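The structure under discussion appears below in the form of structure tokens.
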There are 2 protein chains.
Amino acid sequence: MTATPAPSPEDTSDDAFLRLDEQICFSLNAASRAFGGVYRVLLKDLGLTYPQYLVMLVLWEHGEQPVKKLGEHLRLDSGTLSPLLKRLETAGLVRRERSARDERSVHVHLTDEGAALRERARVVPRRIAAATGAGLEEIRELRARLDRLTAALDSAALEETPGCD
Amino acid sequence: MTATPAPSPEDTSDDAFLRLDEQICFSLNAASRAFGGVYRVLLKDLGLTYPQYLVMLVLWEHGEQPVKKLGEHLRLDSGTLSPLLKRLETAGLVRRERSARDERSVHVHLTDEGAALRERARVVPRRIAAATGAGLEEIRELRARLDRLTAALDSAALEETPGCD
DNA sequence: CGCAATTCAGTTGTGCACAACTCAATGGCT
DNA sequence: AGCCATTGAGTTGTGCACAACTGAATTGCG
């Protein structure tokens, strides 16, 4: 780990980039899965998976919503949301109804049961915060860094696509 | 987003935790997927997915390895690794051989083709680093924070399990 | 030695993420 | 009005993550 294979003598600073990048992809992956694990345990009681919980958070916060809007909030497409919402509907937490105004769009409502679940879910965020062992300030700081990173990655992805080479 | 629904007047500081937590799970999720997207594009040329790339990184760095060790490096279990390694083997990048010393364990080797792929993969990390728009120092800092977070979440997960309540 | 507990890889089943596609509804344009 | 590009949800297929399990090999203990 501390040894350097000295891949090519061309550019030492690039080499530093290489190793650090490897670590950040490892680190981000690991953090993401570690979070998932903690959520999984906490949400088991509620009968929700982590992505389902995210959907419920959006609905609790913003109320009825077309699938499209949900996808924008969560950066998920219909290929992910459609089956997920179907499972939430089967569980009795949401209802889906075709819009009368635009029959292409489907509005997702909370059922009474889905709305009631919010109370039981209230304990989750505090426990997560406790599990991180971090203070408000550190969480805020980390969030800001992650959001900046995401924005940078997104714009890089956009520029990369067409004939930019 | 800036409005506060004032859920319960009981505990203002807890409430702050609640909202911030929501954001950090959103943020981490988004960052993780944004990274995945950039890797996906870069790795397409190499015929690798992002998790397959992580496996190859470990093999390039540490050489032949039993499945168990690979799993420890990447925090993945056999349920994830077995089919992934099978695909890498089908692609001709690795070979799997039962250990003669311990027939329970399977050692994963790089083929010549798998080893050769390393050269083509060298450009990836630099491009990723460029896409993040972050300097060495910032990446290092972020990595440190994420690792601390992961460690905290892991130990919390361990303590949570049995009759701690 | 012989048997029980453990270890390791793999399988099965569920659910998420995403690309590529289908299909109906819509809206703009002539 | 008639046509066509666009939009929104859903489906299909691939691959990852994880829990729960199987089954074989190994280890430990009496």
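Here is the naming used below: chain letters follow the sequence lines, and residue numbers restart at 1 for every chain. Keep in mind the model is a prediction, meaning the values are calculated, not measured.
- Residue B:Ser82 has a polar side-chain atom (N or O) positioned under 4.0 Å from OP1 or OP2 of C:dG10.
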Atom pairs under 3.5 Å, N or O on each side, protein against nucleotides 6-8 of chain C: can you list them with distances?
unit_1, atom_1, unit_2, atom_2, d
C:dT7, O4', B:Arg104, NH1, 3.4
C:dT7, O2, B:Arg104, NH1, 3.2
C:dC8, OP2, B:Lys68, NZ, 2.6

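- The nearest whole Å value for the distance from the CD atom in B:Glu89 to the C1' atom in C:dG10 is 13 Å.
- Rounded to a whole Å, the CG atom of A:Asn29 is 14 Å from the P atom of C:dA17.
- Using a 4.0 Å heavy-atom cutoff across all strands shown, B:Thr49 reaches sugar-phosphate atoms only and no base atom.
- In terms of polar N and O atoms assigned as donor or acceptor, the side chain of B:Ser78 comes within less than 3.5 Å of the base of C:dG10 in a complementary pairing.
- Projected onto DNA chain D by closest heavy-atom contact, A:Pro83 and A:Arg40 fall at different nucleotides, the more 5' of which corresponds to A:Pro83.
- When the C1' atom of D:dC18 is taken as reference, atom CG of A:Leu43 falls 15 Å away, rounded to whole Å.
- Here B:Lys86 reaches the OP1 or OP2 of C:dT11: one of its side-chain N or O atoms lies under 4.0 Å away.
- Using the six-membered ring where Trp is involved, B:His107 and B:His109 have ring planes that are tilted, between 30° and 60° apart.
- The aromatic rings of A:Trp60 and A:Tyr53 sit perpendicular to each other, their planes meeting at more than 60°, with 30° as the lower class boundary.
- The existence of a salt bridge linking A:Arg140 and A:Glu138 is excluded, since no basic side-chain nitrogen approaches an acidic carboxylate oxygen closer than 4.0 Å.
- Atom pair A:Tyr50:OH and C:dA17:P shows a separation of 10 Å (rounding to whole Å applied).
- Atom CG in A:Leu84 sits about 14 Å away from atom C1' in C:dC18, given to the nearest Å.
- With sequence neighbours excluded, the residues that form a side-chain contact (heavy atoms from CB on, under 4.5 Å) with B:Lys69 are B:Gln65, B:Pro66, B:Glu72.
- With respect to B:Glu119 and B:Arg122, a salt bridge is recorded, a charged nitrogen being found less than 4.0 Å from a carboxylate O.
- Using a 4.0 Å cut-off between charged nitrogen and carboxylate oxygen, B:Arg96 and B:Glu89 count as a salt-bridge pair.
- Following rounding to the nearest Å, B:Leu54 (CG) and D:dG15 (P) show an atom-to-atom distance of 17 Å.
- The distance between atom NZ of A:Lys44 and atom C1' of D:dC18, rounded to the nearest whole Å, is 11 Å.
- Note on ring orientation: taking the six-membered ring where Trp is involved, the planes of B:His73 and B:His62 are parallel (angle under 30°, cut-offs 30° and 60°).
- In terms of phosphate contacts, A:Arg96 brings a side-chain nitrogen or oxygen within less than 4.0 Å of OP1 or OP2 of D:dG10.
- Rounded to an integer number of Å, the gap from CG of B:Leu74 to P of C:dA9 is 13 Å.
- Look at B:Arg98 and you won't find any side-chain N or O under 4.0 angstrom from OP1 or OP2 of C:dA9.
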